[in-house]
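Reviewing the structure listed below.
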There are 2 protein chains.
Amino acid sequence: MDVRISVQNLTGMPLFEGLDTEEIGEVLSRVNVLVKRFRKSDYILLAGDCVDNLCIVINGTVQMIKEDIWGDKSIIANLGSGSVFAESYLGRRHDRSIVSYFAASDSEVLMLPFGRILETPSNSKAHTKLMCNIVSILADNNSKLIEKTEILCKKTLRGKIYAYLEQEAANAGAKRFIIPFSRTDLANYLDADRSALTRELARMRDEGMIAFEKNTFEILD
Amino acid sequence: MDVRISVQNLTGMPLFEGLDTEEIGEVLSRVNVLVKRFRKSDYILLAGDCVDNLCIVINGTVQMIKEDIWGDKSIIANLGSGSVFAESYLGRRHDRSIVSYFAASDSEVLMLPFGRILETPSNSKAHTKLMCNIVSILADNNSKLIEKTEILCKKTLRGKIYAYLEQEAANAGAKRFIIPFSRTDLANYLDADRSALTRELARMRDEGMIAFEKNTFEILD
DNA sequence: AACTCGCCGTTGCTTTTGCAACACCTAAGT
DNA sequence: ACTTAGGTGTTGCAAAAGCAACGGCGAGTT
């Protein structure tokens, strides 16, 4: 389950952007770092769990989810490789996670006790860059959540679907793109009923707004 | 409009927590800092505006809002004194704000060109504390957005209302509490129709789930 | 090959809820 | 004192969307 990490894999990660392998080694030498593997459908962290590590997706896909008492699942965010999560433990409000994290595919996650790094003052180049990176990442995670609420704030299902597709198109930089969700998961992401989603997608296609085939979508006009 | 800032006012702010007045002065001496006053209903920042300052609510109430083409207003978050906003400019994804900020009451906002502070390495105590603080604040803002999505992900209006009231009760630490929204604003915060909200609140009262009088609510049971 | 399981589309039904219109109230300004 | 403007509760109606059930399909397993 636990795996030694090769520093090589980390150079492309947003958290370590701008740091060379030597600098990454310097940072990691001061803390206990750990990579955990998860199988598809494993829970990485449960809502209510105590969190004491910053988590980084090395590869695979992780979903931030919230399940209610009835087992009704809502996907809050989809996290690809390089994503940083469980950052709420860096805040003062919560020491427990309010959401769950879930391996949507086989995944490797780097667990990093970041508190130590934070509190240790240092004016090394590596440390400064790392601090800048974490601030940027947190700000970006923020933006992503705001974008998500821009989907959810739409009053109609069609509005949500369209807002979502526009975001994916903007991400892809093209009117035609592939979405990372199955229909079931998309329904959970939009917090809508799956059958209602299928129905509304069909209507939008019939009206010539969009075209799609499996997970490939296109916004028409 | 622009006002000189007295350092005294900042000692209580989360961003400067743990810093004494001398240290705050040291930090501020390196950048141009500015306090702007806004009248109730003024826009502080418009969606699409270029952002180059971190903003801190000194006093008053600021709303993060998103308006669509039809003027339909959605309140994403309500920001009281001490709140930090417009932080997405610290990220790499956007240099423009994707949402608007709006003075819900007469307000004073501190504008702080934080990028300069970030990039200047320093191992002074003050600098280290400031970095820790900003990380904590960003993480907390994250948690708040996640909590907001926990309201919006509910499929029924009653679910949203109840989730919201539970959060307010948790914030207040009591079953009885005062909400900061008018009915109209609450509808915009929950992204629901105002009349439907009134109707559902009345039903929940009739069924004995909750009691309320103006803006004072109580969760029963 | 038979079977299971999970995902997908379809459809009928019912509830929810958005929308529009109206009347009332309060506060602020003239 | 009058007027205006904005917030609030109410209600009828129509549209939207959740729910449940079913059948088909494809992948993986025995």
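Naming: A, B, ... by sequence-line order, numbering from 1 per chain.
Contacts of R176(B) classified as salt bridge (Lys or Arg N to Asp or Glu O under 4.0 Å), with partners at least two apart in sequence or in another chain: E218(B). Scored by the side-chain contact (heavy atoms from CB on, under 4.5 Å) test, S100(A) finds Y43(A), L46(A), A47(A), I65(A) as partners (sequence neighbours excluded). Applying the salt bridge (Lys or Arg N to Asp or Glu O under 4.0 Å) test to E17(A) and every residue at least two apart in sequence or in another chain returns R92(B). Residues passing the salt bridge (Lys or Arg N to Asp or Glu O under 4.0 Å) test with E147(A) are R93(B), sequence neighbours excluded.
Two end axes, each from the C1' atoms of five base pairs, can be drawn for the helix from dA1(C)-dT30(D) to dT30(C)-dA1(D); they diverge by 40°, to 10 degrees.
Protein chain B contacts DNA chain C from dT17(C) to dA20(C), reading 5' to 3' and using non-hydrogen atoms of the protein with a distance under 4.0 Å.
Considering L10(B), N133(B), T11(B) as possible partners of L19(B), the one that fulfils the side chain to side chain contact (heavy atoms under 4.5 Å, CB included) test is N133(B). The salt bridge (Lys or Arg N to Asp or Glu O under 4.0 Å) with E108(A) is formed by just one residue from the set K36(A), R39(A), R37(A); it is R37(A).
The interatomic distance linking L197(A) (CG) with dA17(D) (C1') rounds to 11 Å, in whole Å. Rounded to whole Å, the distance from CG on D191(A) to P on dA17(D) is 14 Å. Rounded to whole Å, the distance from CZ on R158(A) to C1' on dA15(D) is 12 Å. Between the CG atom of L157(A) and the C1' atom of dA16(D) there is a distance of 9 Å, rounded to whole Å.
Within 4.0 Å of R203(A), counting heavy atoms only, lies no atom of the nucleic acid at all.
Sequence neighbours left out, the pairs with a member in residues 47-88 of chain A that pass ring pair (Phe, Tyr, Trp, His ring centres under 6.0 Å) are F85(A)-Y101(A). Residue pairs meeting the salt bridge (Lys or Arg N to Asp or Glu O under 4.0 Å) criterion with at least one partner in residues 61-85 of chain B, sequence neighbours excluded, are E150(A)-K66(B), K155(A)-D72(B). Listed by first and then second residue, the side-chain hydrogen bond (donor to acceptor under 3.5 Å, both in side chains) pairs that reach into residues 206-216 of chain B are R158(B)-E207(B), sequence neighbours excluded.
Nearest-nucleotide mapping onto DNA chain C: of K155(B) and F212(A), the residue sitting toward the 5' end is F212(A). Position along DNA chain D of the nearest nucleotide to N215(B) versus E200(A) favours N215(B) as the more 5'-ward residue.
A heavy atom lying under 4.0 Å from DNA chain D marks the following residues of residues 179-187 of chain B, by number: S182(B), R183(B), T184(B).
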Check nucleotides 20-27 of chain D against the protein and report each pair of N or O atoms closer than 3.5 Å, with its distance, or say if there are none.
residue, atom, partner, partner atom, Å
dA20(D), N6, S195(A), OG, 3.2

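Counting only heavy atoms from C-beta outward, the side chains of R183(B) and L201(B) approach each other to under 4.5 Å.
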What pairs of donor and acceptor atoms, side-chain ones from residues 189-196 of chain A against any protein atom, are under 3.5 angstrom apart with sequence neighbours left out?
residue, atom, partner, partner atom, Å
D191(A), OD1, S74(A), OG, 2.7
D193(A), OD2, S195(A), N, 3.1
D193(A), OD2, S195(A), OG, 2.5
D193(A), OD2, A196(A), N, 3.2

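Using cut-offs of 30° and 60° for the angle between ring planes, the F181(B) and Y164(B) rings count as tilted.
D106(A) places a side-chain N or O within donor-acceptor distance of the main-chain N or O of K40(A), the cut-off being under 3.5 Å.
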